[in-house]
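The structure under discussion appears below in the form of structure tokens.
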Amino acid sequence: MIKLVVFDLDNVIIDGEAIDEIGKLANVEDDIAEITEKAMQGEIDFETSIKDRVQLLEGTSIEDIEKVADDLPLMAGAEKTINCLKEKDVDVAIISGSFDVVAEKVKDKLGVETVYTNSFTVEDGKLTGEVTGPLVSGSKLDVLKDHVEKAGLTLDEVVAVGDGANDISMIESAGCGIAFNAKDSVKEIADVIVEEKDLCNVLDEILNQLTTEEETETVDDEEAVEEEAADEPAEEEVVEEEAAEEEAVEEEVVEEEAADEPAEEEAKDEKTEAKKGKKDKKELPKSDFVLADTMEGVRKQKDEKEAEISKVADEREEFNKIAKEQRKIRDELNASLKENLNKAIEYRNERNEINKEVEAAKKARNDANNKIKSLEWSSGKRDKIKIENEIKKIDKIIETRVLDIKKENQLVKNANDLRKQLMEIHEDESVKTEAQELKKLSEEEHEKVITLSEKAQEAHENMLTYFRKTDDIRTAADEAHKKFIEARKNASAKHEEFKVILSDIHVINKKLGSNKPKKRKSDNKGGSGSNKNREEKERAEEIFAKFKQGGKVSTEEILLLQKYNIG
């Protein structure tokens with residue numbers, strides 16, 4: 001049963017990273033954001049990241065930081081989510097590597113009582129660049145364990161919601177871990193992934209689980225009732241003593257009627273309710289049923305109520321059957337969802353690894369190209385090309401334009417001078433060879449880039465395919481869950497209807513039982529007494545016949561003759 005929901009603060013309860021916003025005050029936001037991203041991705045440990053970032057804030061005014069904290073916006077759906085959880089009697093806590101100056105503002109806005117954060121060290125109203133708190137060197141799981149131990153809870157009763165690498169420990173260990181708009185490393189270990197930045201979606205997941213738990217308990221309770229009914233005796237002896245007879249009449253009447261019912265599982269409901277005795281009677285609603293004026297009318301009412309309760313029991317069982325089927329479908333879809341999600345993550349990881357190779361090949365290709373350019377400059381090839389282009393340009397002008405003789409002679413002279421320079425330039429053969437080898441290497445690396453990019457694209461397409469499948473499966477699972485909830489509600493409604501009718505039947509049975517002729521002890525003995533008297537009288541007549549024939553008669557026999565006035 002969910003009893004506690006723990007939220008991260010930055011990018012979960014508030015829409016933003018507090019320390020990044022504070023970093024703007026000291027003009028170090030870019031440096032801080034870079035460290036933050038590495039920490040969120042799990043590339044550096046949290047203790048190092050928090051100390052490095054706070055160090056950059058040395059000298060920042062705490063008063064200015066409080067103003068920034070006041071302006072940090074809440075995440076969409078935060079207020080509704082916290083209020084709804086409170087209404088459901090679910091405790092809420094915040095465990096964050098952020099800072100108390102920010103958390104205190106959130107506590108006031110949302111009314112969250114339990115918050116665990118770090119603290120800036122302040123002297124003369126300015127940050128010293130140091131940080132203290134339970135989440136500097138300790139993990140969020142350490143803090144969570146301490147909290148649940150003090151609260152008398154277990155981790156299985158906790159839902160943990162987070163987005164970054166430092167949330168992984170508590171998300172993995174909680175009964176349910178939710179990745180909210182999270183990094184890939186968090187999604188891989190979470191039980192539930194919520195992509196949209198709206199905490200109402202997180203609330204929906206939690207409420208679904210709460211509803212499922214309640215419905216599961218209801219099903220378990222009903223199954224326990226059925227098992228208890230199955231262990232009851234099929235018939236009970238009616239106590240003959242007058243003092244106990246009235247108490248047993250109602251149960252006897254119900255059981256006699258139940259004996260005529262079909263022996264299917266569905267027919268057990270009425271017997272179950274009737275056989276549970278006084279304990280169940282206390283749980284039944286008070287009946288305002290009006291009995292008929294005549295006993296014949298009451299018996300007719302009994303027949304009608306028993307037909308009605310049988311119909312309601314069948315309807316209730318049908319709803320229970322639908323609920324079980326939809327729950328099975330939902331659970332199977334959720335299992336399939338996890339498989340497809342794992343497959344999508346596999347392809348994503350494959351794509352990322354290939355992209356690393358692509359980047360390495362690009363770097364090797366670019367390095368080769370840069371070396372080629374450098375060699376061309378040092379070998380004189382660039383100068384040679386430049387001079388050749390100048391000569392071509394001059395020759396074109398002479399060929400295409402009408403020039404006076406003086407200008408034309410000057411251009412011819414310039415071209416000849418350039419040709420002389422060209423003849424003096426000699427390419428270094430060793431450099432030329434090295435350049436050719438580099439060019440070959442560049443082409444090879446470029447081919448790698450093309451081939452690996454195609455593979456990365458293929459993995460990317462496969463990843464998208466499986467992510468789309470997960471969306472479809474999740475939609476189907478949600479639909480099955482809705483049908484499950486609807487069927488359980490209908491079954492519960494029918495169960496309440498069943499109890500009302502059963503309460504009416506108890507009233508009818510009591511009336512029938514109180515008007516039933518009671519068996520008296522004397523009546524019970526009457527039959528056997530008459531038989532005994534008849535036998536004694538017959539024996540007395542035989543004794544008298546023997547006496548008349550001269551036979552001897554004992555004292556006992558004489559007394560028997562006197563009892564029946566014979567002779």
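Keep in mind that what you see is a predicted model, and the values were worked out from it rather than measured.
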Would you tell me whether Arg474 and Asn334 have side-chain atoms, one donor and one acceptor, within less than 3.5 Å of each other? no
Trace of the side-chain contact (heavy atoms from CB on, under 4.5 Å) decision for Glu157 with Leu4: CA-CA 6 Å; Glu157 296 170 314; Leu4 171 67; over 6 Å; no
Minimum heavy-atom separation for Gly297 to Ala292, with atom names? C-CB, 3.5 Å
Would you call the rings of His147 and Tyr116 parallel, tilted or perpendicular if under 30° counts as parallel and over 60° as perpendicular? perpendicular
Side chains of Asn181 and Glu195 only: does a donor on one sit below 3.5 Å from an acceptor on the other? no
Between Thr117 and Asp100, do the side chains contain a donor N or O and an acceptor N or O under 3.5 Å apart? no
Take atom NZ of Lys311 as the centre, draw a 6.0 Å sphere, and report whether it contains more than 12 heavy atoms from other residues, nucleotides or ligands. no
Establish, yes or no, whether the cationic atom of Arg330 lies under 6.0 Å from the six-membered ring centre of Phe484 and within 45° of the ring axis. yes
Can you confirm whether more than 12 heavy atoms, excluding those of Glu149, are under 6.0 Å from its CD atom? no
Worked check of side chain to side chain donor-acceptor pair (under 3.5 Å) between Asn490 and Arg316: CA-CA 8 Å; Asn490 290 335; Arg316 180 186 65 182; over 6 Å; no
Go through the steps to decide whether Glu306 and Lys302 satisfy the test side-chain contact (heavy atoms from CB on, under 4.5 Å), and finish with yes or no. CA-CA 6 Å; Glu306 287 181 343; Lys302 177 176 172 61; 2.6 Å; yes
Please check if atom NZ in Lys145 has more than 12 non-hydrogen atoms from other residues, nucleotides or ligands closer than 6.0 Å. no
The side chain to side chain donor-acceptor pair (under 3.5 Å) partners of Asn342 (sequence neighbours excluded) come to none
For Lys343 and Glu346: C-alpha separation, side-chain torsions, deciding distance, then whether salt bridge (Lys or Arg N to Asp or Glu O under 4.0 Å) applies. CA-CA 5 Å; Lys343 199 70 178 175; Glu346 284 178 16; 3.8 Å; yes
Can you confirm whether Asp293 is buried at CG, in the sense that more than 12 heavy atoms of other residues, nucleotides or ligands lie under 6.0 Å from that atom? no
Does CD in Glu325 sit with more than 12 non-hydrogen atoms of other residues, nucleotides or ligands closer than 6.0 Å? yes
Please walk me through it: do Lys305 and Glu308 pass salt bridge (Lys or Arg N to Asp or Glu O under 4.0 Å)? CA-CA 5 Å; Lys305 285 293 179 182; Glu308 187 178 351; 3.7 Å; yes
Are Ile178 and Val159 close enough, and set up right, to give a side-chain contact (heavy atoms from CB on, under 4.5 Å), and what steps lead you there? CA-CA 7 Å; Ile178 299 180; Val159 173; 3.7 Å; yes
Side-chain donor-acceptor contact under 3.5 Å, Asn462 with Thr465: no
